[in-house]
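As structure tokens, the structure follows; a few thoughts come after it.
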Amino acid sequence: MTAEEKMSIDEELTYLRAMNERYRHAKNNTKGELFDEMQAVTGNQPKRLIRLVNGSLKHRPRSRERGETYGPDVDDALRVIDPSSDHICAERLLSNPDWMARHLDWHGALRATTKLLNQLLGISLCNVQRRLSRIRQ
């Protein structure tokens, strides 16, 4: 199965629910053929397919969403750092955000706490790009 033909999770679960009834009532000699068909249609590995067929085929939403790692203080810091570094790209901005934050703290434009400096050191490029695009709008 190619990437363009890949089923979504909901389509896969709907198909497997329909096939599960046939699979449960099938004789042992035809279960292998049904299993091979399910594997060919869904493109799943055999072990994953066994787990799905033997388990619950209900789509369960996440029990809890992930919390935000970087709070509004990082956004505020980027709001100050971005124009002071002449709106450079996120890659170059990420080269030394802690130095820039300490420098701006020394000039009184930003309050650089230890927590903020650690978050600026650990933030990924994608997060910086996403936050800068939201700030620059």
Side-chain angles (χ1 to χ4, degrees):
M1 176 172 280
T2 61
E4 302 90 39
E5 300 170 353
K6 186 123 176 83
M7 291 180 152
S8 71
I9 292 174
D10 291 330
E11 292 170 341
E12 184 178 312
L13 290 177
T14 304
Y15 172 75
L16 288 176
R17 276 189 220 104
M19 289 300 288
N20 195 19
E21 194 65 32
R22 286 179 53 197
Y23 185 79
R24 297 262 179 235
H25 296 298
K27 296 188 186 320
N28 284 341
N29 56 356
T30 58
K31 280 189 175 184
E33 295 169 7
L34 287 174
F35 189 79
D36 290 341
E37 178 189 338
M38 287 188 285
Q39 187 178 353
V41 170
T42 60
N44 285 332
Q45 297 291 324
K47 198 68 173 178
R48 173 168 162 71
L49 203 54
I50 289 170
R51 285 190 199 110
L52 284 171
V53 169
N54 290 334
S56 174
L57 291 172
K58 293 180 182 171
H59 185 69
R60 295 182 314 249
R62 284 187 176 199
S63 58
R64 64 182 175 92
E65 292 295 319
R66 286 173 51 174
E68 230 183 90
T69 306
Y70 308 106
D73 52 341
V74 173
D75 287 340
D76 294 339
L78 288 175
R79 237 180 239 109
V80 174
I81 292 172
D82 185 40
S84 64
S85 59
D86 203 23
H87 302 287
I88 60 174
C89 64
E91 290 88 354
R92 297 182 92 187
L93 185 75
L94 200 58
S95 64
N96 55 1
D98 61 326
W99 176 85
M100 184 61 105
R102 279 189 264 120
H103 184 71
L104 290 171
D105 183 33
W106 187 77
H107 286 286
L110 178 68
R111 174 104 170 100
T113 62
T114 308
K115 180 182 174 187
L116 175 66
L117 292 174
N118 288 337
Q119 285 181 339
L120 286 174
L121 281 173
I123 196 166
S124 69
L125 175 64
C126 294
N127 263 322
V128 172
Q129 287 173 337
R130 193 176 317 117
R131 288 170 188 278
L132 283 178
S133 68
R134 210 173 36 221
I135 289 169
R136 290 174 179 168
Q137 281 183 350

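For the numbers below, each heavy atom of this structure counts, side chains included, while hydrogens, waters and symmetry mates do not.
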In a table with atom names and distances, give each donor-acceptor pair under 3.5 Å that connects a side chain of residues 124-131 to protein atoms at least two apart or in another chain.
| residue | atom | partner | partner atom | Å |
| --- | --- | --- | --- | --- |
| S124 | OG | N127 | N | 3.3 |
| N127 | OD1 | R130 | NH1 | 2.7 |
| Q129 | NE2 | E91 | OE2 | 3.3 |
| R131 | NH1 | D75 | OD1 | 2.7 |
| R131 | NH1 | D75 | OD2 | 3.3 |
| R131 | NH2 | Y70 | O | 3.2 |

Indicate yes or no: at least one non-hydrogen side-chain atom of L93 is less than 4.5 angstrom from one of L132.
yes
The single option from M38, R51, Q39 that satisfies side-chain contact (heavy atoms from CB on, under 4.5 Å) with P46 is Q39
Residues at least two apart in sequence or cross-chain that pass side-chain contact (heavy atoms from CB on, under 4.5 Å) with K27, listed by chain then number, are N29, T30
### Task
Tell me whether L117 is reachable from L94 by hopping between hydrophobic residues (I, L, V, M, F, W, Y) whose side-chain heavy atoms are closer than 4.5 Å.
no
Taking every heavy atom of I81 against every heavy atom of M100, the minimum-distance pair comes out as CG2-CG, 3.6 Å
Open item on the list: Any heavy-atom pair between the side chains of D76 and R79 that's under 4.5 Å?
Closed with: yes
Criterion side chain to side chain contact (heavy atoms under 4.5 Å, CB included) on L16 and L49, from CA distance to verdict: CA-CA 9 Å; L16 288 176; L49 203 54; 3.8 Å; yes
Smallest heavy-atom separation, L120 atom then A101 atom, equals CD1-CB, 3.7 Å
Tell me if the CZ atom of R92 is crowded by more than 12 foreign heavy atoms within 6.0 Å. no
Which atom pairs, donor and acceptor, lie under 3.5 Å between side-chain atoms of residues 19-26 and protein residues at least two apart or in another chain?
| residue | atom | partner | partner atom | Å |
| --- | --- | --- | --- | --- |
| E21 | OE2 | H25 | NE2 | 2.7 |
| R24 | NH2 | V53 | O | 2.8 |

One pair to check against side chain to side chain contact (heavy atoms under 4.5 Å, CB included): L116 and R111. What are the steps and the verdict? CA-CA 9 Å; L116 175 66; R111 174 104 170 100; over 6 Å; no
Can you confirm whether K31 is buried at NZ, in the sense that more than 12 heavy atoms of other residues, nucleotides or ligands lie under 6.0 Å from that atom? yes
E12 versus N44: any side-chain heavy-atom pair under 4.5 Å? yes
Q) Taking the inter-plane angle between the rings of H103 and W106 on a 0 to 90° scale, is it parallel (under 30°), tilted (30 to 60°) or perpendicular (over 60°)? A) parallel
Here the gap from T42 atom OG1 to L13 atom CG, rounded to the nearest 0.5 Å, amounts to 10.5 Å
